[in-house]
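I have placed the structure first, in the form of structure tokens, so that the comments after it can refer back to it.
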2 protein chains.
Amino acid sequence: MSPSTVRPAVDRLKALAHPARLRILALLREEELCVCQVREVLGMATSTVSEHLAGLRRADLLEERREGRWVYYRLKSPDGTKAFLDGLWSLLEGIPQVAQDRRACAEVLRRPVGTVCRPGPQPRPERARRAAAPR
Amino acid sequence: MSPSTVRPAVDRLKALAHPARLRILALLREEELCVCQVREVLGMATSTVSEHLAGLRRADLLEERREGRWVYYRLKSPDGTKAFLDGLWSLLEGIPQVAQDRRACAEVLRRPVGTVCRPGPQPRPERARRAAAPR
DNA sequence: GGCTCATTTCGTCATTCTCCGAAATATTGT
DNA sequence: ACAATATTTCGGAGAATGACGAAATGAGCC
């Protein structure tokens, strides 16, 4: 009773209960993204974005994948959360900010290679594949 | 963009992202309860319980009903949250604390009338009807 | 090694949350 | 009106959270 067995569920909910993190999750529902791409869409300091991503990851809602200098995050549906996440998507349906972020993200992904993450001389993030059905 | 359109969804999630409030919601899924009954199960100060209930109510997840000196709270599913709440229930499935609270609550409801809320001379809370399907 | 850049971690400050007892409010009964 | 009881609101102390720049870390390239 001390560490309270509701903790895992609460931690997951806490991870979602923040505007930035909720927007991030909505973005990652569409495609995997690296930190600087997310920063571009949200318009917050890189360290802040990184911390939010870490929070979602700690809650086991995201997983990361390193590619060169970039770290890509993508959605993860741990056991027992599938139905919950489906419910969450319905909660996000029709939220203007979410739709707007989606457009901003598409814009970012359309930018000439090297203008998001600085024009690094090397393995530019050339892609970010679709990962889930848009709706 | 200033007040952020994700606010309503975030507020709802924030309301849930707390052990006490999550436990309360799980309890109220079964039946409506008055403040002192909830206090009995959670074992926190009355004022604390009242504040948590108020929080869930502000998030539009509960509605209240006054009966004599007692205020009964019950679950409410505002538009667009039905699917989300269904997902939430699945998240609560199998959490020991939730099951334990359920038992403790049954115990409280079984107590001889007047031993939970003090033996008031009058319209004792004689009932607390089933309000939703257990699972 | 040294340079560059993406990301994470750290230090700090401001804000918000959470809890509880005390005081205020509401309702009923005498 | 007064007493009794359930609930809400208030005040404040302590903890947790969130934002950002600065410093540290990691990867690739010369």
Side-chain angles (χ1 to χ4, degrees), chain A residues 4 7 10-11 13-24 32-40 42-59 62 64-73 108 113-126 128, chain B residues 4 7 10-11 13-24 32-40 42-59 62 64-73 108 113-126 128:
Chain A
S4 176
R7 195 51 75 78
V10 167
D11 286 346
L13 287 163
K14 261 211 265 246
L16 298 171
H18 186 283
R21 291 192 294 268
L22 199 54
R23 291 169 67 192
I24 289 175
E32 69 171 8
L33 296 170
C34 74
V35 181
C36 58
Q37 293 172 321
V38 175
R39 160 176 56 66
E40 214 60 18
L42 297 198
M44 318 182 73
T46 307
S47 63
T48 305
V49 171
S50 175
E51 274 158 350
H52 282 309
L53 285 164
L56 287 166
R57 198 197 163 294
R58 248 178 276 117
L62 299 183
E64 54 187 334
R65 170 179 75 82
R66 179 140 216 155
E67 175 172 330
R69 311 190 257 235
W70 297 275
V71 177
Y72 287 87
Y73 283 88
V108 165
V113 184
T115 61
V116 178
C117 310
R118 287 313 157 43
Q122 266 302 312
R124 283 79 159 264
E126 75 284 314
Chain B
S4 177
R7 195 51 75 75
V10 167
D11 287 346
L13 287 164
K14 258 210 268 247
L16 299 170
H18 187 282
R21 291 191 295 268
L22 199 54
R23 290 168 67 192
I24 289 175
E32 69 170 8
L33 296 170
C34 74
V35 182
C36 59
Q37 291 171 322
V38 175
R39 161 175 57 66
E40 214 60 16
L42 298 197
M44 318 181 72
T46 308
S47 63
T48 304
V49 171
S50 174
E51 275 158 350
H52 282 309
L53 285 165
L56 287 166
R57 199 198 162 293
R58 250 179 274 116
L62 299 183
E64 54 188 333
R65 171 179 77 83
R66 178 139 216 156
E67 176 172 331
R69 311 190 257 235
W70 298 273
V71 177
Y72 287 87
Y73 284 88
V108 166
V113 185
T115 61
V116 177
C117 311
R118 286 313 158 42
Q122 266 302 313
R124 282 80 160 265
E126 75 283 317

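Letters A, B, ... are given to chains in the order of the sequence lines, protein chains preceding strands, and every chain is numbered from 1.
Atoms CG and OG1, on A/Leu42 and A/Thr48 in that order, are 10.0 Å from each other to the nearest 0.5 Å. Note: B/Arg58 CZ to B/Lys14 NZ = 12.0 Å, rounded to the nearest 0.5 Å.
Counting to the nearest Å, the C1' atom of D/dT5 and the CD atom of B/Gln37 are 15 Å from each other. Whole-Å rounding puts the A/Leu13 CG to D/dA16 P distance at 19 Å. The CZ atom of A/Arg39 sits 16 Å away from the P atom of D/dA19 (whole-angstrom rounding). Atom CG of A/Leu53 is separated from atom P of D/dG18 by 14 Å (rounded to the nearest Å). Rounded to whole Å, atom C1' of D/dG26 lies 17 Å from atom CZ of A/Arg65. As a whole-Å value, the separation of A/Leu42 CG from D/dA19 P is 10 Å. Atom pair A/Glu40:CD and C/dA6:P shows a separation of 11 Å (rounding to whole Å applied). Look at CZ on A/Arg69: it is 6 Å from P on C/dA6, rounded to the nearest Å.
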| remark: 5' to 3', nucleotides 14-21 of chain C under a 4.0 Å protein heavy-atom cut-off (B base, S sugar-phosphate only, - none) gives ----SBBB
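Here B/Ser50 reaches the OP1 or OP2 of D/dT8: one of its side-chain N or O atoms lies under 4.0 Å away.
Of all nucleotides listed (C/dT7, D/dT7, C/dT8), C/dT8 comes nearest to the side chain of A/Tyr73.
A/Arg21 places a side-chain N or O within 3.5 Å of a backbone atom of A/Ala15 that can act as its donor or acceptor partner.
Of all heavy-atom pairs between A/Tyr72 and A/Cys34, the closest is CD2-N, 3.6 Å.
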| Under the side chain to side chain contact (heavy atoms under 4.5 Å, CB included) criterion, do A/His52 and A/Leu56 qualify, and how do the steps go? | CA-CA 6 Å; A/His52 282 309; A/Leu56 287 166; 5.6 Å; no
